[in-house]
Amino acid sequence: MPVMTYVQAVGRGLWEEMERDPAVLMIGEDIGVYGGAFKVTDGFLAHFGRERVIDTPISESAIVGAAVGMSYLGLRPVCELQFIDFIACCFNQITNFVAKSHYRWGAPVPMVIRGPAGGGVHGGPFHSQNPEMYFVHTPGLKVVCPSSAYDAKGLIKAAVRDNNPVLFFEHKFLYRRVKEEVPEDDYIVPLGQAAVRREGRDLTLVTYAAMVQVCLDAAEQLEKEDGLACEVIDLRTLLPLDKETILSSLRKTNKLLVVHEDTRTGGIAGEIAAMVMEEAFDQLDGPLMRVTSLDTPVPYSPPLEEYFLPNAAKVVKAARDLARY
Amino acid sequence: MTVQSGKKPSATATKTNRRKMTQPRNNKGAGLSQAQLLEMYHLLLKCRLVDERARVLFRQGKFKGNHYSAVGQEAVTVGTLYGCQPSDWVGPSHRDMVAALVKGVPVKLIMAQLYACVDSPDRGKSTPAHFGSPEHNIITPASTIAAQWQLVTGVALGLKMQKREGICFAYAGDGATSTGAWHEAVNFAGVHKLGIIYVIQNNLWAESVPLRLQTAAKNLADKAVGYGMPGVVVDGMDLLAVHKAAQEAVRRARAGQGPTLIECKTYRWYGHSEIDPARYRSQEEVAAWKKRDPIPLFEKQLAELGISAGSVKKQFEDEINREIEEAVAAAEASPYPDPAEAWDHIYAE
Ligand SMILES: Cc1ncc(C[n+]2csc(CCOP(=O)(O)OP(=O)(O)O)c2C)c(N)n1
Ligand SMILES: [Mg+2]
């Protein structure tokens with residue numbers, strides 16, 4: 001099995017989908033000759049040609065709007081946003097049109113909007129954000145946040161094949177730091193299914209994207225130092241949310257700590273807390289707790305950013321507090 | 001700085017390096033005194049030297065994030081902003097770090113911004129490219145391309161409403177003209193006849209995307225027609241030509257006659273940022289543009305006006321380098337803000 005980085009795995013998944021289905025095409029800024037700001041589409045232009053690898057003007061709103069139009073003809077566009085922060089520039093198209101197209105006139109929009117999200121790379125306030133929850137709040141969309149190279153390939157392929165608009169948030173901190181064996185086969189990872197990354201009976205850590213490794217590191221430390229067995233759940237897809245995997249883990253551990261890199265207020269932790277109140281209140285042996293980024297913009301200065309982001313030490317501390325209940 | 005003053009520009013200036021451009025052909029020294037011309041020269045050198053120093057510092061790992069060099073484009077910055085008043089506003093793009101120098105910001109503050117230390121105006125909140133200073137009426141750039149064009153539109157509208165002194169300068173690249181934000185700003189400013197000089201730094205590339213994939217228009221300045229304002233094309237390597245075009249726009253803006261769109265044809269010598277090797281463009285293209293380096297071009301113009309740049313160059317460079325080295329030393333010595341400052345300044349008091 002070839003060893004691939006996360007970023008290569010996304011590219012590989014897209015490549016295979018383009019080979020498989022001539023309706024699939026790439027559209028975005030600097031994705032052609034340049035192969036994308038992070039090289040996801042490196043080599044695509046030479047292989048698939050200009051008609052299917054479209055370098056656009058700097059026009060995020062038109063990229064998404066045009067992709068909708070193409071999807072009406074049976075094409076399956078994959079839009080690249082150079083940094084996911086710039087999704088703000090096509091917010092109207094996504095939330096008002098893309099998400100509601102099928103609801104309003106029965107026209108499905110099979111498209112993917114993908115790009116690098118997340119911090120930890122000193123990108124500052126406009127190149128580090130995690131804007132997933134704006135879209136988790138929008139019915140009609142699907143929201144995917146992979147944490148591994150294996151998933152990145154399998155999920156992007158599932159996203160391309162889905163008949164609904166899928167927002168695909170790649171974590172740029174993981175792009176080249178995650179490197180693992182990725183099968184060459186044509187496999188998909190279904191949307192809407194979480195994965196249990198580590199089994200445990202004492203408490204459950206629910207997380208996604210770059211925080212999965214942080215939680216695994218914390219779980220390792222808690223096992224060694226405290227004898228605590230933490231279960232780690234990787235959500236993989238935020239919308240639709242795999243409630244069942246969360247609830248069945250909760251039934252086992254009776255304690256839930258949600259960890260996300262997104263800021264605190266309005267993050268997925270709050271949504272999971274409400275869901276647990278509604279569906280499994282009697283399973284809780286302690287309060288649902290959360291470790292998140294601060295409710296601030298992402299600061300640039302390195303020590304400020306480090307302070308802003310969650311890390312294993314913060315997770316360990318919260319898990320210890322929770323374990324005491 | 002010291003400049004020799006007094007001597008009027010020679011009236012015998014001959015042909016200046018100018019292509020077929022739509023700006024006046026008379027008045028070779030752009031009505032500037034020798035002192036003023038030398039002050040512009042000083043600024044031109046300063047923009048170059050500060051930017052080159054920033055590149056080295058980034059490569060040495062002295063600051064993180066990225067650096068977007070404007071080397072090659074200095075004549076646009078200096079030519080448009082020279083002579084602006086403290087009450088005037090500037091909306092820079094990601095590539096306009098050096099615009100602050102022309103607005104009178106000390107190099108020390110720029111270096112502090114790069115180092116994201118306690119002395120930086122934003123105390124490390126934003127990235128190196130995002131220098132802003134309320135005190136100097138320099139709006140902090142936003143990464144979302146062309147946002148600043150809308151912000152200055154509002155500033156200009158406010159200045160007009162409050163009958164306050166001041167006009168606005170907004171900068172953006174060729175690629176920015178493809179955004180909705182850009183068009184909304186220019187249209188709005190046209191309707192309200194706002195005092196704005198909109199400057200397009202057409203350096204032919206937006207990251208790896210060539211101009212022909214950005215627009216089907218012959219000139220970007222042509223877009224002005226649709227918004228009811230003059231569109232001017234100027235050789236962005238020719239400092240005096242840029243300045244003349246800008247001065248006419250400034251006159252219009254101050255007289256309440258509305259905005260002007262100026263397209264400066266220019267070139268960035270280096271990659272989009274320091275991490276871009278710019279393999280998408282040919283060596284020949286780069287070499288041809290480097291031959292049109294705005295600094296020797298201006299030196300030649302000065303010579304034609306009877307002013308010897310050579311006699312002051314070394315002195316100017318020494319002065320500037322001294323200021324740069326002091327600024328770097330100060331930034332090096334300045335600590336990062338306390339991490340908990342991440343919580344500060346989210347809301348106003
Ligand atoms: C809305 C938005 N889309 C994309 C980007 C990524 N990006 C940063 S600079 C740039 C190219 C800008 O080109 P141009 O306007 O010509 O300015 P130049 O860099 O050449 O000075 C792009 C695409 C961005 N910052 N904002
Ligand atoms: Mg450009």
Side-chain angles (χ1 to χ4, degrees), chain A residues 28-39 41-42 45 50 54-65 81-83 85-93 119-129 263 265 293-309, chain B residues 63-66 94 113 115-118 120 122-130 140-147 172-183 206-211 213-216 272-273 275-276 278-281 335-346:
Chain A
E29 295 157 17
D30 300 281
I31 65 167
V33 175
Y34 202 54
F38 288 90
K39 303 288 174 220
T41 55
D42 204 14
L45 179 69
R50 277 187 196 294
I54 305 167
D55 255 330
T56 68
I58 304 175
S59 309
E60 284 77 11
S61 184
I63 290 169
V64 171
L81 298 178
Q82 198 159 91
F83 283 86
D85 310 62
F86 308 142
I87 203 166
C89 299
C90 41
F91 191 82
N92 170 48
Q93 285 291 8
V121 299
H122 311 303
F126 300 103
H127 292 80
S128 309
Q129 295 175 88
T263 50
T265 302
S293 286
L294 308 184
D295 273 338
T296 75
V298 188
Y300 162 73
S301 195
L304 274 63
E305 187 184 16
E306 201 179 308
Y307 179 81
F308 165 88
L309 290 170
Chain B
F63 65 93
K64 309 264 188 256
N66 212 338
H94 57 285
Q113 178 78 28
Y115 277 70
C117 58
V118 288
S120 77
D122 66 359
R123 293 190 77 90
K125 299 296 195 320
S126 209
T127 46
H130 290 174
T140 175
S143 294
T144 42
I145 299 282
D174 42 290
T177 65
S178 300
T179 65
W182 190 96
H183 289 267
E207 292 203 40
S208 73
V209 177
L211 191 62
L213 294 182
Q214 206 67 246
T215 181
H272 169 67
S273 73
I275 58 171
D276 169 24
R279 294 208 185 89
Y280 41 80
R281 52 187 204 182
Y336 279 135
D338 184 77
E341 281 198 28
W343 283 113
D344 293 350
H345 309 123
I346 300 168

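Chain identifiers are assigned alphabetically (A, B, ...) following the order of the sequence lines, protein sequences preceding nucleic acid strands; residue numbering begins at 1 within each chain. Everything quoted here is computed from the prediction, not taken from an experiment.
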Among [options], which has the most heavy-atom pairs under 4.5 Å with chain B?
options                              : value
A:Ser61, A:Pro302, A:Gly32           : A:Pro302
A:Phe83, A:Phe86, A:Phe126, A:Tyr300 : A:Tyr300
A:Pro57, A:Ser59, A:Gly124           : A:Pro57

Side chain, backbone, both or neither: which part of [X] has a non-hydrogen atom closer than 4.5 Å to chain A?
X        : result
B:Ala146 : neither
B:Ala181 : neither
B:Trp182 : neither
B:Arg279 : neither
B:Ile346 : side chain

*Sort A:Gln82 into side chain, backbone, both or neither according to what part of it lies under 4.5 angstrom from a heavy atom of chain B.*
side chain
*Kindly assign one of parallel, tilted or perpendicular to the pair B:His94 and B:His272, based on the angle between their ring planes and the thresholds 30° and 60°.*
tilted
*If you count heavy-atom pairs under 4.5 Å between each of B:Ser143, B:Gly124, B:Ala116 and chain A, which one has the most?*
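With the most close heavy-atom pairs to chain A, the winner is B:Ser143.
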*With chain A, which of B:Ala342, B:Ala147, B:Cys117, B:Ala206 has the greatest number of heavy-atom pairs at distances under 4.5 Å?*
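Between B:Ala342, B:Ala147, B:Cys117, B:Ala206, the count favours B:Ala342.
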*Listed by chain and number, what are the side chain to side chain contact (heavy atoms under 4.5 Å, CB included) partners of A:Val33, not counting sequence neighbours?*
A:Leu45, B:Tyr280
*With sequence neighbours left out, write down each residue that passes side chain to side chain contact (heavy atoms under 4.5 Å, CB included) with B:Asn66, or none if nothing qualifies.*
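B:Asn66: side chain to side chain contact (heavy atoms under 4.5 Å, CB included) contacts with B:Phe58, B:Tyr68, B:Ser273, B:Glu274, B:Ile275.
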*Just wondering, do B:Asp122 and B:His130 contact through their side chains at under 4.5 Å, heavy atoms?*
no
Main chain of [Y], side chain of [X]: is a donor-acceptor contact present, judged purely on distance under 3.5 Å?
X        : Y        : result
A:Ser293 : A:Leu309 : no
A:Asp55  : A:Asp30  : yes
B:Lys125 : A:Val298 : no
B:Gln113 : B:Ala129 : no

